[in-house]
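A short worksheet on the structure shown next.
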Amino acid sequence: MDKRIPSLAEAVADIPDGATVMIGGFGGSGAPIELIHALIDRCLATGSPRDLTVINNNSGNGHVGIAALIEQGMVRKMVCSFPRSADPRVFTEKYLAGEIGLELVPQGTLAERIRAGGAGIPAFYTLTAYGTDLAQGKPVAEFEGRQYVQERWLKADVALIKAELGDHHGNLTYRMAARNFSPLMAMAAARTIVQVTQVVAPGCIDPEHVVTPGIFVDGVVEVANPAQEEALNRANAVYPEVQA
Amino acid sequence: MDKRIPSLAEAVADIPDGATVMIGGFGGSGAPIELIHALIDRCLATGSPRDLTVINNNSGNGHVGIAALIEQGMVRKMVCSFPRSADPRVFTEKYLAGEIGLELVPQGTLAERIRAGGAGIPAFYTLTAYGTDLAQGKPVAEFEGRQYVQERWLKADVALIKAELGDHHGNLTYRMAARNFSPLMAMAAARTIVQVTQVVAPGCIDPEHVVTPGIFVDGVVEVANPAQEEALNRANAVYPEVQA
Amino acid sequence: MTTRLSNAQIAWRAAQDIADGAYVNLGIGFPEMVARFQPPGRQAVFHTENGVLGFGEAPPAGQEDWDLINAGKKAITLNPGAAFFHHADSFAMVRGGHLDVAILGAYQVAQNGDLANWSTGPRGVPAVGGAMDLVHGAKRVAVLTDHVTKDGMPKLVESCTLPLTGVRCVTRVYTSLAVVDIENDHFVLREKLPAISLDELQAVTGARLHVDGEIADLIVPEL
Amino acid sequence: MTTRLSNAQIAWRAAQDIADGAYVNLGIGFPEMVARFQPPGRQAVFHTENGVLGFGEAPPAGQEDWDLINAGKKAITLNPGAAFFHHADSFAMVRGGHLDVAILGAYQVAQNGDLANWSTGPRGVPAVGGAMDLVHGAKRVAVLTDHVTKDGMPKLVESCTLPLTGVRCVTRVYTSLAVVDIENDHFVLREKLPAISLDELQAVTGARLHVDGEIADLIVPEL
């Protein structure tokens, strides 16, 4: 078994128009910038994919990563908990112009819905959002004297995530708080593509330290020195770079 | 913060009659034999605790660990998926005599119900057991054209589990397949007591390798050379040892 | 000429349908034998409910580590690329449809795919383990079984009379006499031992065996 | 004489109520200041939604690692005994009631404990983050806030007019003028600045302030 993919372009080649795409990361931490930019490159070259539904905690910052994906007009709808950032202009302008949809989900409910999608749990109950606007239209049930909101699983066609080590079987480790949503998204997508800082042979990751077992991973592509969204934004980076 | 407990006797001192106790382990792997035997010692000395409801995947093997707990008459009811073992006599005889209760739960549902208890999810839906005797009396709902069974969370007053390393904050690692239900039980019990092979200072466990964060742990007691249930049973061990 | 496959031979036949790199759960007991018969050049990744992916053969006697066991509580070893995880993650793999195939034993299989394999009735101590989760989790649920019970009663039936493990979950049955698919609430015969006629097979089967195209010979090495 | 506490002083007062070893989540912004004012000899363990328990102060400028941030996307450091985990485990800690206290900001708090802190109405881009999870997770949910809005309107009200974050969730409010508990659908005044009279405080509070025993002086150091 060998889940290695030789290039970023091949890693994102099969994502169709209209796909639902989970993208790992919380703000810039764990954002798979290179995979996202490869998707933009493909769209610039071929006109596809477009009309994406993107699931991420946020909605992009500055003009790189998810913000660049939105800026290219590739995203129809965002599903996120906090569509704000230091520089949220790209999403904000499209949202206020009615050019992009938004499903706002409390952060813990977003995480649990994604896990539920991966774990075969079509619905669960939570206190979160009970009695608020974000529970409108959702079934409510009482357990042990308290009212809970029914929430549904969230699945995706593809997950694009970033990890630290990845072996040929797709076993993954993460780096610090860059872990965040990625292990859940890997479970919940029909196809999970991972950019890793280093590809290693099976057996190089201690079985005790595997965070995402390879069963949840379909492809691994090495990006040895991944960009940090925060650093790119501090340098006022724009993707794709404007040609001089 | 220091969650160390100096002795096994102190570790199990506060468990009251009638408590619901989650006990880690799958068969002998991960079974906290010393904590269980300390509980038996306490009952022999003081007559308490009794009337326990014990949650574990199995129902004991031979005459040590959970089997010994049952043999002492301390257990009112077992909640488990597979109340059989190489030598299941202790449970079997009491069950057939109507002296102990049994709630039989499919293994994955048992795991998920415990996680739900720890995660604040009072109920969830699963395909598991739909249309079978084990779903009788449980609500059913349809999602996306399929029928699912509603299952409820499972919580406990106390969890007794076994881990490998534990630091003063209660951060834990496990050893191989001895992990099984223990990280879930640590989340789902009001009080989680852990026997660890080695207590280490905070900072000795790499934050990337912590499996159970200390927030889920209340007490840590060192048992440097823990017994393996399987080895005890192969040696025909009985607890407490019969005095010659 | 072979008139009935041994358990090892049934397991061998099932192993031929497992692709390289497939994620597989083998039920306790007889289905565990499937791991021995992977065709050369193929390596499946075996999952055990108690939190191991990528385990290998049993260790030599005396070298067991009783923290490293499978769902049948037997000692195992690890292959390179193995991973440990807790029970909720383990059953997320199962329930979430991440396993490619689960191979289980059976008391009865009905023509609509219903499976009974956990209880023979109200006597004794009931025990279910992970069977009810596995039957609704894996992408493909296959059954290994003798074609008939020890008393000669059919195990492939119109509808199960024993307590169900799951409804409409089995898609293929490997028996001591045949390979049978379940499609549209019917048994469809795919392969049978050359030594047995279709009529003879039908006579020991509790529901109609449909034929859809060629019936291949079920040919298995001596094992 | 102090007539109004600064944000730092409100945070200081809240910090005095946090026990040694408590597990604490501090909301983005002003509540983050609470971490600076832990009394000597006490060390709380701080939780951030994005998967870190036991983080420490901000690193010096230029030494940030942007994989190590808090929920406000600010760089942090680790204390000994820290742990990383994914978002579902992080919110299992929250939703499962494992945090001892969550300290949040507020637009409005109602006398029944309802909190509004995520939306000022339908204009602009809505964003909720983890607030709705936190208010129903922690064993104790406290609010830090100015006693009145910038326009001088009460923030402690009979019932919230802004969109709710959670119902009946707040148990204590630390304001720029007072410390107020919420008990049985009432505001109960516990402490107030010595410089302000009960009548003056009531005049800037949108619901009846009940008194149950002594009202202590709210005394906070210059910060």
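Every chain is numbered from 1, with letters handed out A, B, ... down the list of sequences. Treat the numbers as computed from the prediction; the structure is a model and nothing was measured.
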Is [Y] close to [X] at the side-chain level, that is, under 4.5 Å between some pair of heavy atoms?
X	Y	result
D:P126	A:Y95	yes
D:F91	A:Q107	yes
A:E230	D:E64	no

Where on [X] is there a heavy atom nearer than 4.5 Å to chain D: the side chain, the backbone, both, or neither?
X	value
A:N58	side chain
A:P183	side chain
A:L127	both
A:L110	neither
A:Y174	neither
A:V211	neither
A:R175	both

Modelled atom types, side-chain donor and acceptor of A:Q228 and D:D65, under 3.5 Å:
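No - no donor-acceptor pair under 3.5 Å links their side chains.
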
List the steps and the verdict of side-chain contact (heavy atoms from CB on, under 4.5 Å) for A:R234 and D:W66.
CA-CA 12 Å; A:R234 285 172 178 240; D:W66 297 110; 3.3 Å; yes

Which residue out of [options] racks up the most heavy-atom pairs below 4.5 Å with chain A?
options	result
D:L68, D:N70, D:I76, D:D133	D:D133
D:V52, D:V94, D:V167, D:V128	D:V128
D:D114, D:D89, D:I69	D:I69
D:G130, D:G51, D:S119, D:A116	D:G130

Separation of [Y] [atom2] from [X] [atom1] (nearest 0.5 Å):
X	Y	atom1	atom2	value
D:T48	A:N180	OG1	CG	10.5 Å
D:H136	A:T128	NE2	OG1	7.0 Å
A:L184	D:H87	CG	NE2	8.5 Å

Would you say A:R84's side chain and D:V125's backbone share a donor-acceptor pair under 3.5 angstrom?
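Looks like yes, one N/O pair under 3.5 Å.
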
Would you mind checking which part of D:T165 comes under 4.5 Å of any heavy atom in chain A, side chain (CB onward), backbone (N, CA, C, O), both or neither?
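Contact with chain A involves the backbone of D:T165 alone.
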
Part of D:A71 within contact of chain A (heavy atom distance under 4.5 Å)
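For D:A71, the contact with chain A is made by backbone and side chain together.
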
What are the two closest heavy atoms between A:F82 and D:A127, and how far apart are they?
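Scanning both residues completely, I find the closest heavy atoms to be CD1-CB, 3.7 Å.
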
Where is the tightest heavy-atom contact between A:G108 and D:R95, given as atom of each residue plus distance?
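For A:G108 versus D:R95, the nearest heavy atoms are O-NH2, 3.0 Å.
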
Using a cut-off of under 4.5 Å on heavy-atom pairs, state which of [options] scores highest against chain D.
options	value
A:A231, A:S81, A:A111	A:S81
A:T109, A:T92, A:L134	A:L134
A:D133, A:L104, A:T126	A:L104

Do other residues, nucleotides or ligands put more than 12 heavy atoms under 6.0 Å from A:R146 CZ?
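No.
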
Can you confirm whether more than 12 heavy atoms, excluding those of A:E99, are under 6.0 Å from its CD atom?
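Buried by this count: over 12 neighbours within 6.0 Å.
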
Take D:K73 and A:F26, measure what side-chain contact (heavy atoms from CB on, under 4.5 Å) needs, and give me the verdict at the end.
CA-CA 8 Å; D:K73 277 89 173 182; A:F26 179 88; 3.8 Å; yes

